[in-house]
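Following: one structure in structure tokens, then a few remarks.
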Amino acid sequence: MSGKLLEISNLHVAVEEKTILQGVDLQVQKGETHVLMGPNGAGKSTLGNAIMGNPLYQVSEGQILFAGEDIVGKPVYERAKRGIFLSFQNPVEISGISLSDFLRSAVAARTGEHVKLFAFKKQLAEQMEQLSMDPSYAGRDLNVGFSGGEKKKAEILQLMMLKPEFAILDEPDSGLDVDAVHTVSKGIRLYQQQHADGAILIITHSTKILESLRVDKVHVLVDGRIAESGDASLIDEINRNGYERFQNKRA
Amino acid sequence: METNPQVKTTVEDIDRSMYDFRNADTDAYRLQAGLTEEIVRQISEEKNDPDWMREFRLRSLEIYHQTDMVDWGPAIDGLDMEHIVTYVRPDQNKMHADWAEVPEEIKNTFDRLGIPKAERESLGGVGAQYDSELVYHNVRKEVAEQGVIYSDLESAMHGPYGELIRSHFMKLVPPTDHKFAALHGAVWSGGSFVYVPAGVKVEIPLQSYFRLNAPGAGQFEHTLIIVEDGATLHFIEGCSAPKYNVANLHAGCVELFVGKHALLRYSTIENWSKNMYNLNTKRAIVAEGGKVEWISGSFGSHVSYLYPMSILNGRGARAEFTGVTFAGKGQNLDTGCKMVHNAPETSSYINTRSISKADGAGTFRSSVVIVPGATGSKSSASCESLILDDEARSDTIPAIDVRCDEVDVGHEAKIGRISDEAVFYLMSRGLSEQEARAMIVSGFAENVSKELPVEYAVEMNQLIRLEMVGSIG
């Protein structure tokens, strides 16, 4: 079995006619955890959105192979069904649909099977407990009135419930206090442990969340291109020196 | 001949075509189209009216002729009264209390709509009207034993409640109210009479289902509910009809009398076919400390005029109106509600959602009147609209008339569209675009669905889903 899960080559992506990604190459194997870092505006979120298929992000060149198949042009929900997941930096609030009902529909869509209510509720309650989420959130409207921390936890909860093959976590830690960062980090770690074949791409600015996670590769995205890739030691270097070296390298 | 062999197995898998099947128009008795004194006399005779009712009908007919057509709402030019058949009696005109005795074809109709099943599972009593007449009426033994009367109006007029009916019938909605109220007074047929004695709490809902099968016909059922002091009741009405190319008319009338400290919840899921002119009048009067709750889902009809009115007539009386309308292609749904604060410390709450799609138009009119002396009254309204595309339109028209001090009145209106980001978010979790949009719209209409018994909430969400698919007209 080939370990290749995601192979991006020469990816160019534009948003409203403005080119953001200018030839990104990236390979992710099954079971790996990658970290994508880079200065503001480098195009990190653009890459996440392009992989997920957000129609606002137009792929003008290059390909995204997922499990060997080019998914460029495939609708968002098909990508989700194949196992791609994107946790949002700013999750959307949906009134009138409870977190629990939404997740049950999502799990049904993901698996293509009817989801038994009792077993689902039990599993949901367990996972929420792991994330220190108050059980009442299950019955609340999706993200409506959630604090920033609860929204981020709800995204990780979805990760844990949907068990994707490949999860893009777009700044899962931004705006969180120390305790919430630990909780989110714990959720990601549980996903790593429970889903050995699952791969993750974490987009982040801060490295606090990475402290207790296994990291296989780190990529630095600058001006729409991967400026450097390396192992976890790259994180320490960025912590010490910032992105200047990579920007100079590009210049 | 039946055109659709589909059977409704569970509430989950309803299909719009379920409502569109039609039975052959084999009525035993069908009056000629149009409206004349002779026709009204025939209806009266056919129904074995007491004298007072015959006179009432004839007086209403005179008022009808003297009253101008409404000229302020959506166009109703397509409705030609010369071509509407006012009375269609189904074959084997007999009211049944045993489901097995209902004629096979009619029984199949209601079976498909899930009516007897719903009764077995969650209702305290059921009435089923087919065209102009009730074909089935039954109330659970334990509910009847509480002294609750749930029957057709026609036979009740001849029974011990005859005087009570006479003193309440069209007193809240007099025939002089508007042209279609006058029409209703002249040709009404079918509907329900419910009487809940003082202090009696009816724990399970009663339901009436109205089905109009005959093409080019009108349905004019009258619902009269009296809930005495301290009593509670939940009444549900559902309506549907197959689609024909000719105009059908529904001009029903609902009159609700809510006693002191009584509670009446009146829920409606209306899904008339899209050739229907739904010109319905509903009104409630609420005594001291009593409360009326209107739950209203309007999905069907070509044109609707529907503005349930609550008259808060005693100190501390309350009214709530929770509604959703979905105006799809070719529909013009003009709805709203009226709250009349006629006593001190009364309160009203209006919470509505309007969804419009394609060339559908939704108009919400609210009218809040606080009379002199109704001090300490409160009213608040929240009206939200969701427009699904560029063609659709939505209007909110609030009218507030306050004639005294020390009141608290608020109105809030919002209009919006489905955000692309929300659709992307849901799609990224595996939902198709249609499913994502349907979920957002269902969520938007949750103010109503969460107030309905679960079977009805499921059915309502299915209706939304079907409307969102867009393949149905």
Side-chain angles (χ1 to χ4, degrees), chain A residues 48-57 74-99 101-115 139-144 151 154-155 157-159 161-164 167-168 170, chain B residues 9-10 12-13 295 297 322-324 326 351-355 382-386 412 414-452 454 457-458 460-465 468:
Chain A
N49 274 279
I51 297 170
M52 193 72 244
N54 188 335
L56 290 177
Y57 295 76
K74 294 257 185 272
V76 179
Y77 71 95
E78 268 190 35
R79 301 182 198 211
K81 285 182 181 184
R82 281 165 201 232
I84 300 176
F85 175 88
L86 171 67
S87 86
F88 282 48
Q89 222 183 105
N90 300 303
V92 182
E93 300 187 358
I94 313 271
S95 301
I97 300 295
S98 70
L99 173 62
D101 285 350
F102 160 69
L103 255 176
R104 191 163 166 234
S105 298
V107 171
R110 166 90 174 92
T111 61
E113 285 167 18
H114 178 75
V115 181
R140 286 179 54 176
D141 287 1
L142 180 58
N143 295 327
V144 177
K151 279 184 184 169
E155 293 292 286
L157 178 67
Q158 293 175 42
L159 167 75
M161 294 294 290
L162 292 170
K163 304 182 186 70
I168 307 152
D170 191 358
Chain B
T9 50
T10 71
E12 278 89 357
D13 55 40
I295 313 294
T322 307
V324 62
F326 194 131
N351 180 14
T352 65
R353 304 283 189 274
S354 156
I355 302 151
S382 163
C383 306
E384 291 185 34
S385 307
L386 190 62
E412 188 186 311
K414 265 198 270 189
I415 190 159
R417 288 167 181 272
I418 295 179
S419 83
D420 291 339
E421 202 193 358
V423 173
F424 173 58
Y425 184 63
L426 296 182
M427 286 178 77
S428 77
R429 303 303 186 249
L431 304 180
S432 70
E433 182 171 349
Q434 249 168 26
E435 287 168 337
R437 288 181 180 276
M439 182 177 268
I440 291 165
V441 173
S442 290
F444 181 74
E446 191 238 6
N447 67 324
V448 166
S449 58
K450 76 173 181 214
E451 299 297 339
L452 294 170
V454 65
V458 168
M460 193 184 110
N461 282 329
Q462 291 292 344
L463 285 173
I464 289 175
R465 186 180 290 265
M468 294 303 291

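First the proteins, then the strands, lettered A, B, ... as listed; each starts at 1.
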Worksheet item: For B/Arg429, what residues pass the salt bridge (Lys or Arg N to Asp or Glu O under 4.0 Å) criterion, not counting sequence neighbours?
Response: A/Glu155

Worksheet entry | Structural part of A/Leu142 lying under 4.5 Å from a heavy atom of chain B | side chain

Worksheet item: Among B/Gln434, B/Glu435, B/Glu433, which residue meets the side-chain hydrogen bond (donor to acceptor under 3.5 Å, both in side chains) test with B/Arg437?
Response: B/Glu433

Worksheet entry | Atom group of B/Phe424 that falls short of 4.5 Å from chain A, counting heavy atoms | both

Fill in: Engaged part of A/Glu78 at the chain B interface, taking heavy atoms whose separation is under 4.5 Å
neither

Worksheet item: With only heavy atoms counted, which part of A/Leu86 is less than 4.5 Å from chain B, the side chain, the backbone, both or neither?
Response: both

Worksheet item: Is the closest basic N to carboxylate O distance between B/Glu446 and B/Arg353 below 4.0 Å?
Response: no

Worksheet item: Taking B/Ser432, B/Ser449, B/Ala436 one by one, which has the highest count of heavy-atom pairs under 4.5 Å against chain A?
Response: B/Ser432

Discussion item. How long is the straight-line distance from CZ of B/Phe326 back to CD1 of B/Ile464, given to the nearest 0.5 Å?
Written reply: 7.0 Å

Discussion item. Below 4.5 Å, heavy-atom pairs only: which of B/Leu426, B/Asp420, B/Val423 has the largest tally toward chain A?
Written reply: B/Leu426

Practice prompt. Could you pull out all residues at least two apart from B/Glu451 that satisfy salt bridge (Lys or Arg N to Asp or Glu O under 4.0 Å)?
Written response: B/Arg265

Worksheet entry | Residue, of A/Asn49, A/Val76, A/Asp101, that accumulates the most heavy atom pairs under 4.5 Å with chain B | A/Val76

Discussion item. Would the distance check show the side chain of A/Arg110 and the main-chain N or O of A/Lys81 forming a donor-acceptor pair, the cut-off being under 3.5 Å?
Written reply: yes

